[in-house]
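Contents: one structure, followed by commentary.
Chain letters run A, B, ... following the sequence lines, proteins first and then strands; every chain starts at 1.
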Protein chains: 2
Amino acid sequence: MQKATADKSDPIAAQLAPVGRETVQDRVYSELRRALIGGLFEPSQVLTIRGLADALMTSTMPVREALGRLITEKALEALPNRSVRVPPITLERMDDLLRARILIEGEAIALAATRMTSRQIATIESMLGEWDEMRALKQKKDVDREVTLNQAFHFEIYRACGSAVLIPMIESLWLQSGPCIRVAIYAFSDAGEVDTAHYHRTIVKAMAAQDAKEARDALVADISRPFTFLRSKLEAEAKKGISA
Amino acid sequence: MQKATADKSDPIAAQLAPVGRETVQDRVYSELRRALIGGLFEPSQVLTIRGLADALMTSTMPVREALGRLITEKALEALPNRSVRVPPITLERMDDLLRARILIEGEAIALAATRMTSRQIATIESMLGEWDEMRALKQKKDVDREVTLNQAFHFEIYRACGSAVLIPMIESLWLQSGPCIRVAIYAFSDAGEVDTAHYHRTIVKAMAAQDAKEARDALVADISRPFTFLRSKLEAEAKKGISA
DNA sequence: TTATTTGATTTGTGATCACACTTGCATTGA
DNA sequence: TCAATGCAAGTGTGATCACAAATCAAATAA
């Protein structure tokens, strides 16, 4: 029908952009999302529409829509000045985020534990090797790759939980805790060893055994670590910097 | 200049809208949000930007931003046609939503159980009276008022949980389950008695006793009811309407 | 009659413009 | 010297326009 005519009249153009031509607005949204999860923006940093539009080489229109969406996800914050910024880190907010993540991601991994196929388990198992590989040449602390790999590992599991409701909520939580995590990972690198691989190994073992409770506990230990670390760091700073 | 002259020439107008002039976009967003939670849109209904702009007496600009925000909250659905619609009801989605609501709202009420002030408990207790009052003159089934009152009751409790992370998630869940709930309440009204007040009374009793476990159980019973009812209704329809 | 094509209308998307408000800086006054 | 006023640049918001894609309808051909 209409599709047939389009195919007949211009099959080549249809081939070039066959399925879902992505809109500029989606591209901008994904870009900002990735930057936020990766912690490329600093907490309390203010973002301007025109500034981002220039940086992303587009007009203001897609940017303002993307910012609006990120604000509703609480990934950004709308100030009364009508300007938007990355939410600042506070101890209360960190505890709040961690509690929500334990609750929801814990539920997701428990669901996934009984649903993951051996194919999917093999996938996350293969990801463990990349940590060792990265540790081998760790003269350069590649924080970006750490963040990316960690994200891929977790969401490969969460996707298996089979809940179209929980997964977007987890994405929103990662978006909100992104800036904190980046700060924590930097602090980690200074402090000592990055033993993410160990925690992930424990998770994989539990998933392979289809042990939901064990998997949940291992996950809680994994995601709590950067938060508790950053918490002690912030408390120490607050103690010595009360004057500020 | 333009501002100074405006302020000097018309200080009274400045008084009338002094503090937070709300943007049109926020008004549109709130409006659509209320309509969705209240179930004023039917599942699978498609919404057009220009149509809503006309209905809300504004241009397309605020509407498209509001729609974008609602899509990221999964309150609306973006079709590959680039048109948006209210997500259709499926059994899988209903179960998914109910599980998430039990998980998150259950946690919120458990937190609130230990934090509610006697002032807040008095508030929700006073809300019980409104149910009786409404039942007294229930010749006309006022679904809108039921929805509003139910929402006010629950969120008065959730607000007390003290989590700036959980509450937006609960709002998102209500947004997503709004269309289902409306259908369920209509079915309720046909089927028989609306005994929401009984469930709410049990909740208030648990909150007054600061019994987190009891409160969670009572809440689960309350929010599960419309879902299980609608579920059986949908299953019956699916059984007899396989041909369709 | 039915299927196909073609043209008109509708719709989303992106860009641009106009306006109001905020912010920051410089000039002016005490 | 310091505070206050006034001006200018910057920013968000809303409206409008231009364009491409989709949808619908009528007309035509098989």
Side-chain angles (χ1 to χ4, degrees), chain A residues 1-32 45-72 76-85, chain B residues 1-11 13-32 44-72 76-85:
Chain A
M1 345 172 143
Q2 69 278 15
K3 167 190 146 200
T5 61
D7 285 349
K8 284 175 188 170
S9 64
D10 199 350
I12 300 175
Q15 279 279 33
L16 289 178
V19 277
R21 69 179 202 297
E22 83 163 350
T23 63
V24 179
Q25 138 182 359
D26 287 339
R27 181 181 68 85
V28 170
Y29 177 66
S30 303
E31 209 86 31
L32 293 179
Q45 180 179 353
V46 305
L47 305 176
T48 66
I49 293 179
R50 287 178 173 90
L52 291 174
D54 289 345
L56 294 169
M57 302 210 307
T58 178
S59 78
T60 64
M61 182 64 49
V63 175
R64 54 200 279 192
E65 310 212 6
L67 287 186
R69 291 165 76 172
L70 290 168
I71 288 173
T72 64
L76 294 176
E77 199 178 32
L79 276 62
N81 318 346
R82 304 259 169 244
S83 65
V84 326
R85 70 170 176 184
Chain B
M1 25 169 41
Q2 66 276 20
K3 165 198 146 193
T5 59
D7 282 350
K8 284 175 186 169
S9 65
D10 201 351
Q15 278 279 30
L16 289 179
V19 277
R21 70 184 201 295
E22 81 165 352
T23 62
V24 179
Q25 138 181 1
D26 287 339
R27 182 180 67 84
V28 170
Y29 177 67
S30 303
E31 209 86 32
L32 293 179
S44 298
Q45 179 179 353
V46 305
L47 305 176
T48 66
I49 292 179
R50 286 179 174 89
L52 291 173
D54 290 345
L56 295 169
M57 302 210 306
T58 177
S59 77
T60 64
M61 184 63 50
V63 175
R64 53 199 281 192
E65 311 213 6
L67 287 186
R69 290 165 75 171
L70 290 168
I71 288 172
T72 64
L76 294 176
E77 199 177 33
L79 275 61
N81 318 346
R82 304 261 169 243
S83 64
V84 326
R85 70 169 178 185

Could you tell me how far apart [X] ([atom1]) and [N] ([atom2]) are, to the nearest whole angstrom?
X      : N       : atom1 : atom2 : answer
L79(A) : dG10(D) : CG    : P     : 21 Å
L52(B) : dT11(C) : CG    : C1'   : 13 Å
R82(A) : dT23(C) : CZ    : P     : 12 Å
I49(B) : dG14(C) : CD1   : P     : 11 Å
D26(A) : dG14(C) : CG    : P     : 8 Å
E65(B) : dT13(C) : CD    : P     : 12 Å

Could you list the protein-to-nucleotides 15-18 of chain D atom pairs, N/O on both sides, closer than 3.5 Å?
{"unit_1": "dA15(D)", "atom_1": "OP2", "unit_2": "T58(B)", "atom_2": "OG1", "d": "3.1"}
{"unit_1": "dA15(D)", "atom_1": "OP2", "unit_2": "S59(B)", "atom_2": "N", "d": "3.2"}
{"unit_1": "dA15(D)", "atom_1": "OP2", "unit_2": "S59(B)", "atom_2": "OG", "d": "2.3"}
{"unit_1": "dA15(D)", "atom_1": "O5'", "unit_2": "S59(B)", "atom_2": "OG", "d": "3.4"}

Check: For dG12(D), does OP1 or OP2 lie under 4.0 Å from any side-chain N or O of N81(A)?
Finding: no
Give me the atom names and distance for the closest heavy-atom approach of [X] to [Y].
X      : Y      : answer
I49(A) : V63(A) : O-CG1, 3.7 Å
R82(A) : E22(B) : NH2-CA, 4.3 Å
R27(B) : M57(B) : NH2-O, 4.4 Å
T58(A) : P62(A) : OG1-CG, 3.6 Å

Next item on the list: Please tell me if the side chains of L67(A) and L52(A) come closer than 4.5 Å, counting only heavy atoms from C-beta onward.
Entry: yes
Notebook entry, point to check: Should V24(B) and L56(B) count as side-chain neighbours, where that means a heavy-atom distance under 4.5 Å?
Noted result: no
Notebook entry, point to check: Nearest to the side chain of T23(B), which nucleotide is it out of dG14(D), dG12(D), dT11(C)?
Noted result: dG14(D)
Check: Touch check for L47(B), heavy atoms < 4.0 angstrom, all strands: base, sugar-phosphate only, or nothing?
Finding: sugar-phosphate
